[in-house]
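Hydrogens, waters and symmetry mates are skipped; everything else that's a heavy atom, side chains included, is used.
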Amino acid sequence: MSSLTDAPVPAIDILMETNPTAIINLDLGKQAPHSPRERNAGFVIASRAIDKCRASLAGTPGEYHYDCPMDKMLFNFKGITGEQFKTAVQASTNYEDVGAWLQANGTKKTPAEIKAWSDEMEASSLMKNPEKRAYFMEDCTRLGLNPQMNTSFDWLEADDRESFRRTSA
């Protein structure tokens, strides 16, 4: 192969191009959005924000709120607004398109910066936030979690499971 353009395309790239994950308008009163851990183009929170945005637009957000403080962590990291993200979601038919939009817009971030931010977000805990610590401790206890050991993402996932366990019971 004589140039970089002749290099083979990695199989994962081909898979993503041929099998994009369609965005489905979820009724978040009946099912939870994606886990905040799920990464889209390397970004945690993104797939969950897409689900909440689409549900909000469809009038089916359930108890979820789009452009909430967690969504804003992603938006602030990328230097975009909730309105800009919403416009990208409205124009996209699949999660990969929104991920590509995130990479191309706002503050440019290297793959290493995205990974470091996502890893930090995934490991973070509301225990470190004095204003939210008491609520986090109480809610973790309600969910059977140890607030000293569990992350904010652990808490969100447990809350999602509990919310939909109650509605299906």
Side-chain angles (χ1 to χ4, degrees), residues 12 15-16 21-56 60-82 84-86 88-89 94-96 98-103 106-169:
I12 189 69
L15 180 65
M16 286 177 65
T21 308
I23 300 172
I24 299 168
N25 288 335
L26 300 176
D27 180 345
L28 298 184
K30 295 180 180 175
Q31 72 182 90
H34 279 90
S35 165
R37 293 179 206 282
E38 186 163 325
R39 296 186 186 208
N40 182 347
F43 298 96
V44 294
I45 305 170
S47 292
R48 187 177 182 95
I50 292 167
D51 291 342
K52 293 189 304 175
C53 180
R54 288 294 281 255
S56 178
T60 58
E63 298 293 319
Y64 295 91
H65 301 279
Y66 171 66
D67 208 4
C68 69
M70 180 185 296
D71 297 343
K72 288 180 183 190
M73 290 179 191
L74 170 64
F75 304 156
N76 290 340
F77 175 69
K78 275 301 292 170
I80 60 172
T81 66
Q84 290 170 315
F85 186 81
K86 179 169 54 170
V89 169
N94 61 66
Y95 290 88
E96 292 79 9
V98 179
W101 182 89
L102 272 172
Q103 290 183 326
T107 306
K108 299 294 181 209
K109 301 292 183 178
T110 66
E113 289 171 319
I114 295 167
K115 182 178 183 331
W117 177 81
S118 289
D119 289 350
E120 180 182 332
M121 291 299 301
E122 193 166 350
S124 70
S125 171
L126 288 176
M127 282 296 290
K128 297 175 186 169
N129 181 331
E131 295 172 5
K132 299 191 181 199
R133 184 178 300 130
Y135 171 76
F136 183 69
M137 291 175 66
E138 181 180 322
D139 214 42
C140 279
T141 301
R142 174 184 70 84
L143 295 166
L145 299 175
N146 178 343
Q148 299 293 333
M149 302 295 294
N150 291 105
T151 67
S152 297
F153 285 7
D154 294 333
W155 165 68
L156 285 169
E157 290 171 333
D159 187 59
D160 286 347
R161 283 190 303 274
E162 177 62 19
S163 295
F164 291 99
R165 183 192 65 76
R166 282 191 316 247
T167 60
S168 66

Report summary line: With sequence neighbours left out, the residues meeting side-chain contact (heavy atoms from CB on, under 4.5 Å) with Thr81 are Glu83, Gln84
Requested in this report: Kindly write out the residues that satisfy ring pair (Phe, Tyr, Trp, His ring centres under 6.0 Å) with Phe85, not counting sequence neighbours, or none if the list is empty.
Outcome: Phe75
Requested in this report: Kindly write out the residues that satisfy salt bridge (charged side-chain N to carboxylate O under 4.0 Å, His left out) with Asp139, not counting sequence neighbours, or none if the list is empty.
Outcome: Arg142
Report task. Could you pull out all residues at least two apart from Glu122 that satisfy salt bridge (charged side-chain N to carboxylate O under 4.0 Å, His left out)? Result -> Arg37, Arg39
Report task. Could I get the full list of side-chain contact (heavy atoms from CB on, under 4.5 Å) partners for Glu113, not counting sequence neighbours? Result -> Lys109, Thr110
Report summary line: Pro147 meets the side-chain contact (heavy atoms from CB on, under 4.5 Å) criterion, sequence neighbours left out, with Met127, Phe136, Met137, Cys140
Query - Test side-chain hydrogen bond (donor to acceptor under 3.5 Å, both in side chains) applied to Asp67 - qualifying residues, sequence neighbours left out - result: none
Requested in this report: Could you tell me which residues satisfy salt bridge (charged side-chain N to carboxylate O under 4.0 Å, His left out) with Lys115, sequence neighbours excluded, listed by chain and number?
Outcome: Asp119
**Report entry** All ring pair (Phe, Tyr, Trp, His ring centres under 6.0 Å) counterparts of Trp117, not counting sequence neighbours
**Finding:** Phe77
Query raised in the report: With sequence neighbours excluded, what pairs up with Tyr64 under the side-chain hydrogen bond (donor to acceptor under 3.5 Å, both in side chains) test?
Result: Asp160
**Report entry** Qualifying residues under side-chain hydrogen bond (donor to acceptor under 3.5 Å, both in side chains), relative to Asn76, sequence neighbours excluded
**Finding:** none
Query - Phe153: ring pair (Phe, Tyr, Trp, His ring centres under 6.0 Å) partners, not counting sequence neighbours - result: none
Query raised in the report: How long is the gap from CD1 on Ile45 to CE on Met70, to the nearest 0.5 Å?
Result: 5.5 Å
